[in-house]
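Scope of the values below: all heavy atoms of this structure, side chains included, with no hydrogens, waters or symmetry mates. Each chain gets a letter, A, B and so on, in the order the sequences are listed, and its residues count up from 1.
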Amino acid sequence: MPDLATPLIAWYRVNARDLPWRRPGFGAWGVLVSEFMLQQTPVGRVIPHLEAWLTRWPTPSALAADAPAEAVHQWANLGYPRRALWLHRAAVEIRDRHGGIVPQDVDALLALSGIGDYTARAVAVFAYGDRHPVVDTNTRRVLARAIEGRSQPGPPSRRDLDAMAAILPARSDDAAIVDAAAMELGATVCTARSPRCGACPIADRCAWRAAGYPDTGEERRRQARYEGSDRQARGAVLRVLRDAAPLPVRLEDLVSDWPDRLQRDRAIDSLIVDGLAEASDGALRLPR
DNA sequence: CATCCGTGGAA
DNA sequence: TTTCCAAGGAT
């Protein structure tokens with residue numbers, strides 16, 4: 001196995017973007033909030049929302065003291081609004097179980113709502129400097145290409161953690177940089193569509209390049225069509241609730257022009273089931 | 001393990 | 001215009 005860590009560290013020191021959550025002393029809560037927002041939402045859209053969020057709720061306890069509705073409202077158009085709900089729940093759990101301090105232990109982090117393998121380790125590593133493999137979609141693509149010689153990674157798996165762990169240096173501070181560097185490389189150079197291999201610090205040891213860039217990656221499963229989907233219906237309903245908040249909206253006024261009545265009702269029901277909306281006497285509102 | 005869950009910008 | 005994709009997680 002070629003040494004990927006050394007060139008990645010050198011490259012990262014020069015090329016890392018100056019992102020808010022990388023500033024020294026940004027704090028574990030800030031890192032945690034940023035990671036929630038970054039789950040499937042691009043960096044450029046996250047930054048302004050992150051600043052506003054942390055200004056309003058500088059600590060987990062501050063967020064926990066407000067109603068979930070406030071979190072869902074502040075989440076605005078970041079997408080996947082249950083992340084706002086989960087982040088609020090996590091804040092309550094941090095207040096109740098950890099004295100208001102974001103835990104450092106990976107298992108404790110994994111036990112919080114909305115936190116999985118990626119986010120738990122990202123917080124432990126980037127906020128606390130511990131030594132763990134951190135694997136996101138960028139990292140998986142980098143490893144698939146550099147080590148497996150494939151153009152795209154296979155489906156996500158627990159084995160990805162082992163693959164990343166295998167290239168981590170012994171020192172935890174170096175390991176944290178390699179974690180960040182693999183993500184950064186995948187985000188800015190080793191991109192999904194048109195990778196810039198001329199700017200890649202590990203091109204000379206990349207298995208995919210050595211094999212002549214074979215297109216061995218299976219076709220990625222196509223994302224379900226959004227237009228006309230249940231997700232779009234949910235999004236439309238929730239947007240109305242956000243715009244009306246804190247006032248409830250009468251059910252008959254909720255996207256009353258939606259083309260598919262059944263789909264609209266299905267969206268409302270599922271939002272209630274998910275805890276993103278609350279029915280109150282013929283009307284719907286964000287959850288209190 | 002496959003599917004579901006928002007939103008908006010770029011190719 | 002359509003398609004692709006973006007620091008995932010829960011079920």
Need one value for Thr119(A): base, sugar-phosphate or nothing, where a base atom within 4.0 Å counts as base even if backbone is also close, heavy atoms only. sugar-phosphate
Checklist line | Donor-acceptor side-chain pairing of Trp258(A) and Gln263(A) below 3.5 angstrom | finding: yes
Minimal heavy-atom distance between Leu78(A) and Val46(A), with the atoms involved, is CD2-CA, 4.4 Å
inquiry  = Could you go through Asp117(A) and Arg158(A), starting from their C-alpha distance and side-chain angles, then the distance that decides it, and tell me whether this counts as salt bridge (charged side-chain N to carboxylate O under 4.0 Å, His left out)?
reply    = CA-CA 9 Å; Asp117(A) 285 326; Arg158(A) 284 308 197 73; 2.7 Å; yes
Contact class for Gly79(A) vs. all strands (heavy atom < 4.0 Å): base, sugar-phosphate, or nothing?
base
Rounded to whole Å, CG of Asp160(A) lies from C1' of dA7(C) at a distance of 15 Å
Sorted by number, residues from residues 106-115 of chain A placing a heavy atom under 4.0 Å from DNA chain B are none
Report task. State plainly whether the residues Asp179(A) and Arg121(A) are in salt-bridge range, i.e. N to O under 4.0 Å. Result -> no
(Q) Any side-chain to backbone donor/acceptor pair from His88(A) onto Asp66(A)? Under 3.5 Å, distance only. (A) yes
Hey, are Glu184(A) and Asn15(A) close enough side-chain-wise for a donor-acceptor pair under 3.5 Å?
no
From CZ of Arg83(A) across to P of dC4(B) the rounded distance in Å is 19 Å
Under a 3.5 Å distance rule, please check whether Asp253(A) uses its side chain to pair with a backbone N or O of Val249(A) as donor and acceptor.
no
So what does Trp21(A) hit on the nucleic acid, given a heavy-atom distance under 4.0 Å: a base, only sugar-phosphate, or nothing?
base
N/O (side chain, Arg141(A)) to phosphate O (OP1/OP2, dA6(C)) under 4.0 Å: yes
Using a heavy-atom cut-off of 4.0 Å across all strands, would you classify Phe36(A) as base, sugar-phosphate, or nothing? nothing
Between OH of Tyr226(A) and P of dC5(B) the distance, given in whole Å, is 10 Å
Residues Asp136(A) and Thr139(A): side-chain donor-acceptor under 3.5 angstrom
yes
So, is Gln40(A) near the phosphate of dG8(C), with a side-chain N or O under 4.0 Å from OP1 or OP2? yes
Here the distance between atom C1' of dG9(C) and atom CZ of Arg89(A), to the nearest Å, is 13 Å
Contacts of Ala120(A) and Arg193(A) projected onto DNA chain C by closest heavy atom; the upstream (5') one is Arg193(A)
Residues in residues 229-261 of chain A with a heavy atom under 4.0 Å of DNA chain B, by number, are Arg231(A), Arg234(A), Gly235(A), Arg239(A), Arg242(A)
Exercise. Look at all strands and tell whether Arg22(A) reaches a base, only sugar-phosphate, or nothing, counting heavy atoms closer than 4.0 Å.
Key: base
I want to check something: taking the side chain as every heavy atom from C-beta on, are Thr41(A) and Tyr80(A) in contact at a cut-off of under 4.5 Å? no
Problem set entry | Side-chain donor/acceptor contact of Gln223(A) with base of dC5(C) under 3.5 Å | yes
From CZ of Phe26(A) across to C1' of dA7(C) the rounded distance in Å is 14 Å
How far, in whole Å, is dA7(C) from dC4(B) if one measures between their P atoms? 23 Å
Separation of dC5(B) atom P from Arg222(A) atom CZ, nearest Å, is 18 Å
Asp274(A) atom CG is separated from dG9(C) atom P, nearest whole Å, by 17 Å
Please work out if Pro81(A) contacts a base, only the sugar-phosphate, or nothing of the nucleic acid, heavy-atom cut-off 4.0 Å.
sugar-phosphate
Taken to the nearest whole Å, CG/Asn77(A) to P/dG9(B) is 9 Å
In short, Glu93(A) meets Ser113(A) closest at the heavy-atom pair OE1-N, 2.9 Å
